Amino acid sequence: MMSENIPLGTSGVKSSESPSAGGGNRENGRLAAPPWKSWLLTFVCGLLALLGMGAAVQAGCVILGIYPSGKTVLVKHVGWPLLLALFGLAGVLAMWPRPAWNWVQRWQATMRWAIDFWWAQPWWGRVLIIVGIGHGLISVEYFLNCPEDLLRQYQEIKQFASAPSRLFAGQRVANLEYHIQQYRRAIPPNAQVAYRGSWEAMIVAYQLYPRRLFLLPEDAQRLARAWGDHRWLEIKTKGASRADTWTEEYWAARRPPVEIPPLHQFLAERDIQYMIIFSENHPELCRVLRLNPDTGLACGHIFQEDAPR
Amino acid sequence: MIGPCGMIVLTWLWLAGVWLSGWASISLLARFGTRQSLSTKERGKLAGDLATAFLTGVLVCVLPLYVILAVVGRLSAVAFVTVLCVQLGLACLGARSLLRELRHHAGRLQDWWGLVGWALVVGLLASAAALWGYDAQAIYGLKAKILADGLSIYGPDFMDPYRVHYWNNYPLLVPLLEAQVFFWRNQWALLTGEELWNDLGMPVLLWGFIIALVLQVAAATERRWVGCGPWMGLLFAITPMLWRWTEGAGLSGSVDVVFAGFVLSAVLELCQLAERTQLQWGPLIRGALFLTGACLTKQEGVIATGAILGAFVATTVWKLWRGRDSLASLAVRRVILSGARCLLLVGLLVLPTFVFLRVVHGCMPAPPYSRPYLETLNLDWLSRISDRPLTVGAFAVNEFFNNRWGLLWLLGSLSLFLPRRHPIDAATVFCRAFLVLVLAAYLAIFVVTPYPLHFHLHTAFARLMFHIFPVFVVVAIEQIASLPWKRPALPAEPIAG
């Protein structure tokens, strides 16, 4: 097949040419394949379109509840068959012999040009085109999963907010969303609050605003030595993150000593009247305490997982 | 139901105000001759102008508030109302001008419908999402709430090291944007009796930056590869990392998409300076302005500025090397002077931003859990981390093939190894030098980081790569456009042989 380079700054189709004019192997914008081949390809594309359409309609009926099913059917189960049906129809239109409509003729000419373009490319050109199509398919997969992911996100938030703890990997862990709701109820908006917990403190500070959260100095020092202490990290790295523990010790040893004021002084200076204790791994320890700012001693529980007041 | 829906609509209206006020600003600048007429028929210019308008609009509504904040320490309701009034006034002018421009381009927009459809879908997602990312809440969201509440940046919220405020000393461009939206949404909440500080639909703000990024990529493509702008823009736009809400992605509420938008715009403007020997004030000022925006968004702005200055040096050296046999001594001097002038002017224009940031944020104490990067430059530490380059390299390769990036890293990397049809130009050398310098700086940071390596890689690597991803895509598209593609012979053309 004869071919030539595309000059810089052109899209490969000259401004004066129409798509239907392109391609040396066609007749008046129609595909010039042998009739049997054309019919066979039309049949295959039509079959794909039918299969795709059938699967999409069935999945749609299950989602809408018209056709009950025990299995969970998601939007992607409709999306992919629909895309298959679309590609099938596009194929049927591209292969249809002697079409009467102008737009079908234009479509056939475009497809012919695309096929000729594919065959004209050297190996690297085809590899780049395949990678580009792969990129498109991966992105479509993400788009089709989108409604399900969004729904799951909201369901998780709702589920975690409805119970104080849940079972995770065989262990009972505290639900932060639930406790944040309790803190909102138990602590007045203008309160200053001491927080004893881990890195979720930063999220709690955002969620509980306008309540001000403070880390006790010893907790701040503890966090400074626990950058890598995350359950998700350990799961994600399959335990490899534990190898970084030496960096925590190294930098802790180099840290200049910090003068930690007495607790009652720290609380009094900041007018802290409440203390939140949160431990993801020990839900039974999660609680809110009312403090006496003068002594730093707890006056009583405002809220505890088993006994909300 | 009317409360949350009203808040989302309010956010969209505010975003439209930002866009239109930015459009009015660049139209006014065009009248004063610092910019070409907006109605030129340059390919992809409308897309590029729309992106520039949005980023300019953001700076128009943030810079005055940042200055007030630096001087007074807090933002009052009067400040928010004044900025909104100026914005609305500009938006009215901008709407008129934009409508005229769209009418002018009406016949040439049919290729862009794919991108418009994608933008609508992502807009819907942004409306249904909240600020779910960790950084989005802990760093930027909390700052936005404090600023919207009228509290001082010189008060305990920013100055007490034991206040739970993650990275209290970070730049405030995005928190200032979010603070304005929170302020007006709270007024709505008070009217409708809704809960205050609701962040449903806040990612709509970031939608604007995603669209600006895509438009910049499409415009840059259209300039070099006529007719392919919308399609390459779409290929970039569908990349999951750009529009998803998972940690660090476009709609997560993390500011990396904002930073990437400013950096890409700055690079695209400033590479025009590297291309020509004559000084162009328009691209210089716009580039410096966007670089300022980047510095006010994230601390990595320092690295981006350094990389841009380094890219000027690299481009000058490359020009000298290219013309080593043919350049006369006068021409050599001109090339060196041109490079030095760009370096100096960009440096001088961005320098006040660093002074400003130092003045405003320098007095804020570092959080007690932070670790100093400068202290990592000691032999004892460096001798202990000799195995890290391998770990970082392996992680980087793994990340580049992660599905959330689609296959664009692979596509771009493959294309860069292929032979070009024509020699590379100075603007492309500038972009590539910038890319290499930033990548080298980021990888070096991961190698020497004082934080646990696995933690740092898993939480920050993808976000930092997001900063250079759009520039990489532009470089890759330029390379793909320069490859010796072949097209089928047309019947009307003579067939050789």
Side-chain angles (χ1 to χ4, degrees), chain A residues 1-6 8-12 17 21-24 113 116-117 120-122 124-125 127-128 131-132 134-136 138-139 142-143 146 150 153 195 201-203 205-207 209-210 212-215 217 220-221 223-224 227-228 230 233 236-237 240-241 244 247-248 251 254 258, chain B residues 121 125 128-129 132 134 137-138 141-142 145 149 157 160-166 197 224-228 235 238-240 244 368-369 371 375 381 384 403 406-408 410-411 414-415 418 421-422 450-455 458 480-492 495-496:
Chain A
M1 183 167 297
M2 290 310 300
S3 58
E4 68 178 70
N5 292 354
I6 302 175
L8 178 71
T10 65
S11 62
E17 75 200 22
W113 188 87
D116 287 351
F117 183 79
Q121 298 317 312
W124 53 262
V127 169
L128 289 186
V131 173
H135 175 74
I138 289 172
S139 306
Y142 271 94
F143 263 112
C146 227
L150 201 60
Q153 180 99 14
Y195 188 88
M202 315 300 168
I203 295 289
Y206 170 81
Q207 297 281 350
Y209 191 88
R212 263 64 170 180
L213 262 63
F214 293 88
L215 286 172
Q221 300 303 317
L223 280 187
W227 273 100
H230 299 273
L233 185 64
K236 210 166 182 178
T237 60
S241 61
D244 292 335
T247 60
E248 315 273 21
W251 289 101
R254 290 176 75 92
V258 180
Chain B
V121 171
L125 276 177
W132 282 321
Y134 186 90
Q137 295 188 9
L142 183 61
K145 284 183 175 181
D149 221 2
D157 285 302
D160 186 346
Y162 293 109
R163 167 92 161 86
V164 182
H165 186 174
Y166 201 39
W197 308 114
R224 290 181 173 269
W225 203 3
V226 178
C228 288
L235 198 72
I238 58 177
T239 308
R244 281 189 56 90
Y369 39 79
R371 292 176 186 172
E375 281 184 28
W381 174 252
R384 288 164 187 255
N403 271 349
L407 294 177
L408 281 192
L410 177 67
L411 186 71
L414 280 179
S415 70
L418 296 171
R421 196 158 26 84
H422 58 86
Y451 298 99
L453 182 61
H454 282 94
F455 167 77
H458 278 90
I480 291 171
S482 307
L483 294 176
W485 291 99
K486 300 182 187 293
R487 71 179 160 118
L490 298 171
I495 295 173

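Source: prediction; values computed, not measured. Throughout, protein chains are lettered first and strands after them, A, B, ... in sequence-line order, and every chain is numbered starting at 1.
- Closest non-hydrogen pair, A:I138 versus B:G406, comes out as CG2-CA, 4.1 Å.
- Note: B:P450 leads B:G141, B:P161, B:P450 in heavy-atom pairs under 4.5 Å with chain A.
- How far CD1 of A:I203 is from CD of B:Q137: 4.0 Å, rounded to the nearest 0.5 Å.
- Only the side chain of B:W132 comes within contact range of chain A, judged by heavy atoms closer than 4.5 Å.
- Per-residue counts of heavy-atom pairs under 4.5 Å with chain A were compared for B:V121, B:D157, B:L410; the largest is that of B:D157.
- The two atoms that bring B:V164 and A:M202 nearest to each other are CG1-SD, 3.7 Å, heavy atoms only.
- Contact annotation: the side chain of B:L411 never approaches that of A:H135 to less than 4.5 Å [non-hydrogen atoms, C-beta and beyond].
- To the nearest 0.5 Å, the span separating CG on B:L407 from CG on A:L128 amounts to 11.5 Å.
- The two residues B:D160 and A:F214 have their closest heavy-atom pair at OD2-CE2, 3.3 Å.
- B:P368 and A:A220 make their closest contact through CG-CB, 3.7 Å (heavy atoms, listed as atom of the first residue, atom of the second, distance).
- Residues B:R371 and A:E248 meet the side-chain proximity criterion, which asks for heavy atoms closer than 4.5 Å.
- Rounded to the nearest 0.5 angstrom, A:F143 CZ and B:R244 CZ are separated by 10.0 Å.
- Chosen from B:I480, B:L125, B:L408, the residue pairing most often with chain A at heavy-atom distances under 4.5 Å is B:L408.
- By the 4.5 Å heavy-atom criterion applied to side chains, B:W485 and A:F117 are counted as neighbours.
- Under the 30°/60° scheme for interplanar angles, the aromatic rings of A:W227 and B:F455 are found to be tilted.
- Shown here are the side chain to side chain contact (heavy atoms under 4.5 Å, CB included) partners of B:R384, two or more places apart in sequence or in another chain: A:W246, A:Y250, B:D380.
- For the set A:G136, A:A201, A:C146, the entry with the most heavy-atom pairs within less than 4.5 Å of chain B is A:C146.
- When A:Q153, A:K236, A:H230, A:Q207 are compared by the number of non-hydrogen pairs under 4.5 Å with chain B, A:Q153 comes out ahead.
- At least one side-chain heavy atom of A:W251 sits under 4.5 Å from a side-chain heavy atom of B:W381.
- When all heavy atoms of A:P217 and B:Y162 are compared, the closest pair comes out as CA-CE2, 3.5 Å.
- For chain A, the nearby parts of B:I238 are the backbone and the side chain; heavy atoms of each come within less than 4.5 Å.
- Separation of atoms CZ (B:R163) and CZ (A:R212) is listed at 5.5 Å; rounding is to 0.5 Å.
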